[in-house]
Amino acid sequence: AQTVTQSQPEMSVQEAETVTLSCTYDTSESDYYLFWYKQPPSRQMILVIRQEAYKQQNATENRFSVNFQKAAKSFSLKISDSQLGDAAMYFCAYRRRGSGNTGKLIFGQGTTLQVKP
Amino acid sequence: SQTIHQWPATLVQPVGSPLSLECTVEGTSNPNLYWYRQAAGRGLQLLFYSVGIGQISSEVPQNLSASRPQDRQFILSSKKLLLSDSGFYLCAWSVLDIQGYTFGSGTRLTVV
């Protein structure tokens, strides 16, 4: 069974600095998707970024980028120029491509990011 | 555009009372639908998912049940709430693998 591990329960960063959140996953599949979700204090889950495993190029979305290491099964999220609004819980998630009609996402345990002014 | 509505936003219920949380999706057809529960400061636990009307799969045995009476409607229910049912409940939908999930705004349930 696939698993997703976020080994950092909590992280902190100074405003305007860069922070990297770690995520590793375990799968025997070769084709899948990876996601990072943000859950701010409002608890609304927001998709931050996604990566397709068959693409070698790392995904970027403005200040958010990923370091996807397929062989190492690692998928870290880098937040550049951190802002106070980035303070949230971040979840890494995995989804097998062609997962039929279930399409379940497998989530990590989450990392709480604190941004210090 | 696709939207998801989840209500109520907050609910306080006594132990032993029934529960009904509703989730509806607009702007898409035949979505996969999911119910998650989240304890305070914790991760997401998948409770139920549905791939079509009347088709419900349960991930964990518990005091809750789910139903999908219409294509874009997903209901989470309980006949008698327990204290341990307290938590934050999230509904989500998905159509394409690459899409990930789109989540509702959640329901904060407190059982007293």
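This structure is a prediction, so every number in the text was calculated from the model and none was measured. First the proteins, then the strands, lettered A, B, ... as listed; each starts at 1.
A distance of 6.0 Å or more separates the ring centres of Phe35(A) and Tyr101(B).
Both Leu64(B) and Val15(B) belong to a single network of hydrophobic side chains, linked directly or stepwise wherever heavy atoms of I, L, V, M, F, W or Y lie under 4.5 Å apart. A single hydrophobic cluster is seen to contain both Met11(A) and Phe75(A), as judged by linkage of ILVMFWY side chains at heavy-atom distances under 4.5 Å, directly or through other members. Using a 4.5 Å cut-off between side-chain heavy atoms of Ile, Leu, Val, Met, Phe, Trp and Tyr, with links allowed through other members, Tyr34(B) and Leu21(B) fall into the same hydrophobic cluster. The cluster map of Ile, Leu, Val, Met, Phe, Trp and Tyr, joined by side-chain heavy atoms under 4.5 Å apart, puts Leu83(B) and Val112(B) in different clusters. One hydrophobic cluster, built from ILVMFWY side chains closer than 4.5 Å, holds both Trp35(B) and Leu11(B).
Heavy-atom pairs under 4.5 Å with chain B peak, among Tyr32(A), Phe91(A), Tyr37(A), at Tyr37(A). Note on Gly104(B), Ala92(B), Gly106(B): by heavy-atom pairs under 4.5 Å with chain A, the leading option is Gly104(B). The candidate with the highest count of non-hydrogen atom pairs below 4.5 Å against chain B, out of Glu52(A), Gln109(A), Met89(A), Gln44(A), is Gln44(A).
Looking at Arg108(B), the atoms closer than 4.5 Å to chain A (heavy atoms on both sides) all sit in the side chain, from C-beta outward. For Gln39(A), the part lying under 4.5 angstrom from a heavy atom of chain B is the side chain only.
Note that SG of Cys91(B) and CE of Met45(A) are 13.0 Å apart. Values are rounded to the nearest 0.5 Å. Summarising the geometry, atom CG belonging to Leu90(B) is positioned 7.5 Å from atom CZ belonging to Arg43(A); distances are rounded to the nearest 0.5 Å.
Summarising the geometry of Tyr36(B) relative to Leu105(A), their closest heavy-atom pair is OH-O, 3.4 Å, with the distance given to 0.1 Å.
Residues Ser94(B) and Arg95(A) have side chains that bring a donor and an acceptor to within less than 3.5 angstrom of each other.
More than 12 heavy atoms of other residues, nucleotides or ligands sit less than 6.0 Å from atom CZ of Arg63(A). Heavy-atom neighbours of Lys70(A) NZ from other residues, nucleotides or ligands within 6.0 Å: above the threshold of 12.
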